[in-house]
Amino acid sequence: MAIGAVTGLSAGVATFLEGQVDLTAFAVVTPLTLLGANLGARRTGDLDPDSLRRWIAWILLLSAALMLGELGLELRRTA
């Protein structure tokens with residue numbers, strides 16, 4: 001998580017310095033992200049570890065399916 005935080009922070013600073021940040025989106029997304037992370041961290045401690053692993057596995061499978069679907073649509077458009 002530390003590596004992800006440093007990477008995200010450095011990319012965010014670079015993007016901000018280039019003037020490519022939508023400040024309205026930033027103002028909306030940042031507090032909601034912090035709130036979600038806080039609530040998620042609290043809820044995670046209440047879950048059974050096996051149940052948490054299953055949730056994560058299903059979410060990753062759903063994400064993979066969506067990415068494959070997008071790839072398929074993009075390949076179909078370019079063909």
Show which side-chain atoms of residues 20-42 pair as donor or acceptor with protein atoms under 3.5 Å away, not counting sequence neighbours.
from  : atom 1 : to    : atom 2 : distance (Å)
Asp22 : OD1    : Thr24 : N      : 3.2
Thr30 : OG1    : Phe26 : O      : 2.9
Thr33 : OG1    : Val29 : O      : 2.8
Asn38 : OD1    : Arg42 : NE     : 3.1

field: For Leu61, the rest of its hydrophobic cluster, which grows through side-chain links under 4.5 angstrom
entry: Trp58

task: Mind checking side chain to side chain donor-acceptor pair (under 3.5 Å) for Glu74 and listing every partner two or more places apart, or none if nothing turns up?
output: Arg77

field: Arg53: partners by side chain to side chain donor-acceptor pair (under 3.5 Å), with sequence neighbours left out
entry: Asp50

query: Residues sharing Leu71's hydrophobic cluster, by side-chain heavy-atom contacts under 4.5 Å among ILVMFWY, directly or via others?
result: Leu75

task: Give the cluster check for Leu73 versus Leu66: same hydrophobic cluster or not, with ILVMFWY residues linked at side-chain heavy-atom distances below 4.5 Å.
output: no

statement: The reported gap from CG in Leu52 to CZ in Arg43 (rounded to nearest 0.5 angstrom) is 10.0 Å

- request: Quick one: pull up CG in Leu47 and CD1 in Ile56 and give me the separation to the nearest 0.5 Å.
  value: 9.5 Å

Distance-only donor-acceptor pairs under 3.5 Å for side chains of residues 8-19, two or more places apart:
from  : atom 1 : to    : atom 2 : distance (Å)
Ser10 : OG     : Val6  : O      : 3.1
Ser10 : OG     : Thr7  : O      : 3.0
Thr15 : OG1    : Ala11 : O      : 2.8

